[in-house]
2 protein chains.
Amino acid sequence: MRTTEQYGRKADLALTMWVKLVRASTTFGRLTGKDIEQHGLTQPQFGVLEMLGHLGPLTIGDIGKRMLVTGGCVTVILDNLEKESLVERMRSSEDRRVIKVQLTDKGELTFKTIFGKHAQMVAELASVLSEEEQLQLSTLLRKLGLALKDKQ
Amino acid sequence: MRTTEQYGRKADLALTMWVKLVRASTTFGRLTGKDIEQHGLTQPQFGVLEMLGHLGPLTIGDIGKRMLVTGGCVTVILDNLEKESLVERMRSSEDRRVIKVQLTDKGELTFKTIFGKHAQMVAELASVLSEEEQLQLSTLLRKLGLALKDKQ
DNA sequence: CATAAATAGTTTAAATATGAAATATCTAAC
DNA sequence: GTTAGATATTTCATATTTAAACTATTTATG
């Protein structure tokens, strides 16, 4: 993406980094997504299943915060998961505004079936980088991500 | 995202890297997107403007390949940009299947007005990393991105 | 207690996004 | 030169996403 020296060295450095970040993220997501779709799930749907499988029941708000999407979006994703009987909503008795979402038995089974294979695929895709490089990348991305979070 | 040692060290390393990649990319995009939206453009719309501004007229197919989206999607984005008179389609005379897209004068002006500020903002957001760290990150992301491209 | 403000979710409209089918055009093979 | 296949774009149906408006509930304040 030719932006060489048009906006100053610092801006060019940042812009090329940014382009590579988006590309790597998009391409990675596309590849793992194809795998997930073969199980009849979309990526966001799988994201919710994974979250509930690892962390247990969560509220709509929690899910949105973790996935970095709005509540309206979570509502739609859950509607579609509920149609497939993979999750269920439960109104909280302490605070009746709150809804807790949890996996059904079918959801639990689906999660366990898919996730192991998914983890393998992610590992394989990442394996173009050595373990040390993956650690370096994680560290840099973590630093970037944390700093950006404060600016939201 | 607690996945410690549940699926083997390699998978965990890759999974945490993957999560950080998506988060950094999403958060970065959200922040620059807010800036762009203040000019009445969406991110994809600005992406097209930027591409045409830097590279000159492109075909629909070129745009889709560079943005990593399907042709159908490009059609819609261009429709919306055309409504605002920011771009125009021109049927190629050599190959009448092909459409070349170019900025209008208004589009050129909009691009120039927004992009300088955008580049500054990207540089500022990236500045939480030193220049050396940004270079390191670019290098690692490039390696990852290139390797993944082949697997599509 | 009554009302105002805050919070949790849902709904709605508009912009993306995909994949598949349809249209128009070009290229190749006979 | 005609037909078959390939290519470029659009159209369509469906899904995701956002922001903003709305509903229901809880908390705070007087």
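Convention: sequence-line order gives letters A, B, ...; per-chain numbering from 1.
Scanning for salt bridge (Lys or Arg N to Asp or Glu O under 4.0 Å) contacts around B/Glu88 gives an empty result, with sequence neighbours left out. Taking the ring-ring contact (aromatic ring centres under 6.0 Å, His included) definition, one finds that B/Phe28 meets it with A/Trp18, sequence neighbours left out. Considering only residues two or more places apart in sequence or on other chains, A/Glu82 meets the salt bridge (Lys or Arg N to Asp or Glu O under 4.0 Å) condition with A/Arg89. For A/Thr113, the side-chain contact (heavy atoms from CB on, under 4.5 Å) partners at least two apart in sequence or on another chain are A/Leu109.
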Give the C-alpha distance, both sets of side-chain angles, the deciding distance and a yes or no for side-chain contact (heavy atoms from CB on, under 4.5 Å) between B/Ile99 and B/Leu78. CA-CA 12 Å; B/Ile99 286 179; B/Leu78 289 179; over 6 Å; no
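Within the structure, ring-ring contact (aromatic ring centres under 6.0 Å, His included) pairs that include any residue of residues 86-111 of chain B comprise B/His54-B/Phe111, B/Phe111-B/Phe115 (at least two apart or interchain). The ring-ring contact (aromatic ring centres under 6.0 Å, His included) contacts involving residues 83-110 of chain A comprise nothing, where partners must be two or more places apart or lie in separate chains.
Contact check for B/Asn80 versus B/Gln45: side-chain heavy atoms found under the 4.5 Å cut-off.
If you measure from atom CG of B/Asp62 to atom P of D/dT7, you get 15 Å, rounded to the nearest angstrom. If you measure from atom CG of A/Leu81 to atom P of D/dA15, you get 13 Å, rounded to the nearest angstrom. With rounding to whole Å, B/Ile77 atom CD1 is found 14 Å from D/dT9 atom C1'. The CG atom of A/Leu41 sits 10 Å away from the P atom of D/dT16 (whole-angstrom rounding). What separates CD1 of A/Ile63 from C1' of D/dT17 is a distance of 16 Å, to the nearest Å.
For DNA chain C, the contact window with chain A, defined by any atom under 4.0 Å from a protein heavy atom, covers C/dA6 to C/dT18 in 5' to 3' order.
Checked against D/dT10, D/dA8, D/dT17, the side chain of A/Pro44 finds its nearest nucleotide in D/dT17. Among D/dA8, D/dT17, D/dT10, the nucleotide with an atom closest to any side-chain atom of B/Ile60 is D/dT10.
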Base versus backbone protein contacts along nucleotides 19-25 of chain D [heavy-atom cut-off under 4.0 Å; B, S, -]: S----BB
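Closest-nucleotide positions on DNA chain D for A/Val69 and B/Val74 were compared, and the one nearer the 5' end corresponds to B/Val74. Between A/Ser93 and B/Lys100, it is B/Lys100 whose nearest contact on DNA chain D lies nearer the 5' terminus. Residues B/Lys83 and B/Gly71 each lie close to DNA chain C; by heavy-atom proximity, the contact nearer the 5' end of the strand is made by B/Lys83.
Using a 4.0 Å cut-off, some side-chain N or O of A/Thr42 falls inside it from OP1 or OP2 of D/dT16. A sub-4.0 Å separation between OP1 or OP2 of D/dT14 and a side-chain N or O of A/Asn80 is absent.
Residue contacts shown for A/Gln43 are absent, as no nucleic acid heavy atom lies under 4.0 Å away.
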For a quick test of your reading: what N or O donor-acceptor pairs under 3.5 Å do the side chains of residues 134-141 of chain A make, sequence neighbours left out?
| residue | atom | partner | partner atom | Å |
| --- | --- | --- | --- | --- |
| A/Gln134 | NE2 | A/Ala126 | O | 3.1 |
| A/Gln134 | NE2 | A/Leu129 | O | 3.1 |
| A/Ser138 | OG | A/Gln134 | O | 3.4 |
| A/Thr139 | OG1 | A/Leu135 | O | 2.8 |

